[in-house]
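Only this structure's heavy atoms are used, side chains among them; waters, hydrogens and symmetry mates stay out. Reminder, nothing fancy here: chain letters follow the sequence lines and each chain counts from 1.
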Amino acid sequence: MTEGFDIDHVAHLARLTLTEHERATLGPQLLEILDYTNHLQELDTEGIDPTFQVMQRANVLRADLESPSMAVDEALQNAPSREGNYFRVPRILA
Amino acid sequence: MIAQLRDRLRGKQISAVEATEECLQRIAEIDGEIHAFLQVADDARAQAERADARRRDGEDAPLLGIPVALKDIISVKGMRCTCGSRILENYQAPYDATVTEKLRAAGAVIIGKTNLDEFAMGSSTENSAFGPTRNPWDPTRVPGGSSGGSAAAVAAGMVPGAYGTDTGGSIRQPAAFCGVTGIKPTYGRVSRYGVVAYASSLDQVGPFGRTARDCAILLGAVAGEDPRDATSAPLPAEDFEASLEGDVTGLRIGIPREFTEGLDPAIRAHVEAAAETLQQAGATVENVSLPTLAYALPAYYIIAPAEASSNLARYDGARYGYRAAADDVLSMFKASRHDGFGAEVKRRIMIGTYALSAGYYDAYYLQAQRTRTLLRRDFERAFETCDVLLGPAAPTTAFRIGEKTDDPLQMYLADVYTIAVNLAGLPGMVIPGGMEKGLPVGLQWIGPAFTEARLLNIGHAYQQLTRHHQVQPR
C-alpha cells in the first residue's frame, strides 16, 4: 500500500521544503512507519463504526452573548511582520 | 510533598515566599545538569508574595502558595510558550490557558515552564529543540517523554508538583521513568483551552506529584467543564482528595494477558508483586484479555499524525512564530516550516498528510478509527468483570540518551502499554512500583471513564502499604 507514497507530493501537501539529506533519511523512515501501520489491514472491521472522538457529544451550544475578545495589539504581538492592524506577508499572487 | 507543604503553609510554619525560594534554590543548584526547565518565571517571588498576602487576608485556596511547574505547551500569559520548538522559540502566550487560570485562582505559584519533546511528540524529551532533559536517577538516561521536564522536576525535588500533557503516554511513561506518580485523566476531564494542540481527540492535561494524594489535590484544582472547550465533560468538579479513604476491600483487579505476555520478567515481577500486595489488602485479581491491543500502536501512529498534520498547519510564519525570508507566500510557508520544525515533527506531519490524502483515507485513517472502536469494546468487556486494570507503564526502565534517536519506530514502541488508553479516552495512572538495577519501575492502573477518584484511591492505598514512592534520587 506504500507503493503510492510520493515523498515530494506529500511534502508539497504538507507545505514543507525538504532538503536532499532529509529526503534521503525521512523517506526510508516514513516507509518503515507506514509498513508498521499496515498491520491494521489484518483486522476485519467490516460494519464497525469509526470512533472519531470518544465523548459522543454533538452540537455543544452556548448562549450567543457579547463578550470581550483579544485586543488587536495582543493579537498582533507575535506577528513576524505587521502593518497597521494587519499581518504583513510576502506577495500571494505569482 | 504538596499535602505536607499545604499543612505547613496553613500553620504559618513556612511562607509561600520561603517555599518558592527553596524551589528556586534547588533549580539553581541542579537544573544546569538536569535541564528540566526551559524558563523560570521572573515573577515567581511576586506570585508567592501575593499568595502570602491572600493568606494573611484569611483566604485558604487549595494550592495557596504552592509552587508548580507547567509543561511548556500550556499557555501562561506573558511567558513564552515554545512547545520545545524553534518555530515558537520567541512566541509569547497572549492569554492564559484555562488550567493556568484555575491554578492562579487556586493560589499556585507558577514557577516555570518545563522541557518537552517538540509539540509533545516523543517518548524521551530528546526531541526538544532546546536540548534533552536528563533523568535525575541517572543523568546518562532519558526522563521519558514527552512531559520529561515536568517528571524530572518533581523527581529531583525542584518543585513539589507539575503538570504535563498525555496524548499517547506522555505523562505516564515519564512518571514511570522518573519514579513519580502521574495521572492522565479521562478525555474531557480537564479543559484543553490554551493548551497547544497536538492530536486533539487524544490530548489531555494531568499532574505529576510524589504521591497519589498530591495528584488528587493537583487534579482537583484544574478539572471541570469549560465553556471554551466544547470537548470538556459536563460533570461537576470532584473532590478527589476526599475520596482517598484507602480501602480496596472487594476491588476487582484485572491483569490483561496482553500486558504481561512477552513482558520483561523483571518488570513483570513488579506488576505481580503489586497485585499481591493489594490482594492481601482485600482485592481480588483475575486475568482478562484485550484482544485488539496489538493494533493500538499502529492505529495511534495513523490517528495522532493525521490530527497533528491538521493542527500544525497553523505554523506558517504568517501570524506568529518563526518566519523564513521568501519572495512569495507559499515559499514562506514551506521554508518557515522547514526551518522551524524538527525531524520528528516533520515525520508525523508527513505520515498524517499521507494518511489523509486522496485515495488513502479509507485504508489508513478510517481503518485506524474503526480499530479504535474495537479497542474501546475490549476495555468495556474487561470492565464488565473488573473495576480496574493493572499493567506495566513501559516495556523497559529509562533508556540511555541517544539509544533510540536514530530509530523512530523503536522509540514509538516505548509507548506500547500506554497508547490504547488515549485511544479509548480512559483515565490512566502510573505510580512507582519499585526499583530495577537502580532505576524506577512504574505500575499503570486503568479505569473506566471518569473513575479518577477510584484510581487515585488505589494509588493511595498502595502507597500506604509500600514505600516505593518515598525513594528519591541522590
Side-chain angles (χ1 to χ4, degrees), chain A residues 1-2 4-7 9-19 22 25-26 29-30 32-43 45-55 57 59-63 70-71 73-81 87-94, chain B residues 90-92 94-95 187-188 201 227 230-231 233 292 294-295 298-299 301-302 309 313 316-323 326-335 337-338 341 343 346-347 349-351 353-354 357 359-360 363-364 366-374 376 408-409 412 424-425:
Chain A
M1 232 176 41
T2 48
F5 182 77
D6 173 351
I7 191 167
H9 176 62
V10 177
H12 172 69
L13 292 177
R15 300 295 184 261
L16 268 176
T17 310
L18 296 181
T19 61
E22 282 174 321
T25 50
L26 265 179
Q29 288 173 342
L30 295 176
E32 193 190 356
I33 295 164
L34 287 169
D35 269 341
Y36 178 70
T37 65
N38 280 339
H39 283 301
L40 290 179
Q41 310 308 324
E42 298 160 8
L43 272 180
T45 58
E46 188 68 37
I48 305 290
D49 287 332
T51 297
F52 292 113
Q53 49 100 358
V54 295
M55 292 289 287
R57 296 179 82 192
N59 298 336
V60 178
L61 303 176
R62 60 166 172 78
M70 193 181 288
D73 277 334
E74 280 180 336
L76 285 163
Q77 76 181 45
N78 287 293
S81 179
F87 297 101
R88 188 185 167 88
V89 295
R91 70 188 160 84
I92 292 171
L93 298 175
Chain B
N90 299 307
Y91 170 77
Q92 287 238 341
Y95 60 94
Y187 183 81
S201 80
T231 62
T292 319
Y295 298 96
Y301 278 101
I302 294 299
S309 71
D316 55 11
R319 292 150 298 154
Y320 48 82
Y322 171 81
R323 175 187 291 190
D327 292 335
D328 65 273
V329 82
L330 184 60
S331 307
M332 180 192 88
F333 292 163
K334 288 185 170 182
R337 291 161 66 76
H338 168 268
F341 289 140
K346 288 177 185 168
R347 275 192 286 274
I349 288 175
M350 292 285 286
I351 293 286
T353 302
Y354 178 63
S357 64
Y360 298 97
Y364 286 107
L366 197 60
Q367 180 72 357
Q369 298 288 27
R370 286 175 167 159
T371 304
R372 196 174 180 181
T373 305
L374 295 176
R376 293 180 63 204
L409 202 52
Y412 295 174

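For B:P227, no part lies near chain A; criterion is any non-hydrogen pair under 4.5 Å. For B:M332, the part lying near chain A is the side chain, with the backbone staying farther off; criterion is any non-hydrogen pair under 4.5 Å. Contacts of B:Y412 with chain A are made by side-chain atoms alone, with heavy-atom separations under 4.5 Å and no backbone atom involved. There is no contact between B:S331 and chain A, counting heavy-atom distances below 4.5 Å. Contact annotation for B:N90: only backbone heavy atoms (N, CA, C, O) come within less than 4.5 Å of a heavy atom of chain A. Looking at B:S357, only its side chain comes within 4.5 Å of chain A, counting heavy atoms on both sides. The contact between B:A318 and chain A is made by backbone and side chain atoms together, counting heavy-atom distances below 4.5 Å. When heavy atoms are compared at a cutoff of 4.5 Å, B:A313 does not approach chain A at all. Heavy-atom distances place both the backbone and the side chain of A:E32 under 4.5 Å from chain B.
A centroid separation of less than 6.0 Å is found between the aromatic rings of B:Y354 and B:Y364. Ring centroids of B:Y301 and A:Y36 are separated by 6.0 Å or more, keeping the two rings apart.
Contacts with chain B were tallied for A:V10, A:L61, A:L76, A:D6; A:V10 has the most, counting heavy-atom pairs under 4.5 Å.
Side chain of A:R88 to backbone of A:S81: no donor-acceptor contact under 3.5 angstrom is found. Under a 3.5 Å cut-off, the side chain of B:Q92 and the backbone N or O of A:Q77 do not form any donor-acceptor pair. Using modelled atom types, one side-chain atom of A:E22 and one backbone atom of A:T19 make a donor-acceptor pair closer than 3.5 Å.
With sequence neighbours excluded, the residues that form a salt bridge (Lys or Arg N to Asp or Glu O under 4.0 Å) with B:R347 are B:E344. The salt bridge (Lys or Arg N to Asp or Glu O under 4.0 Å) search around A:R57 returns none, not counting sequence neighbours.
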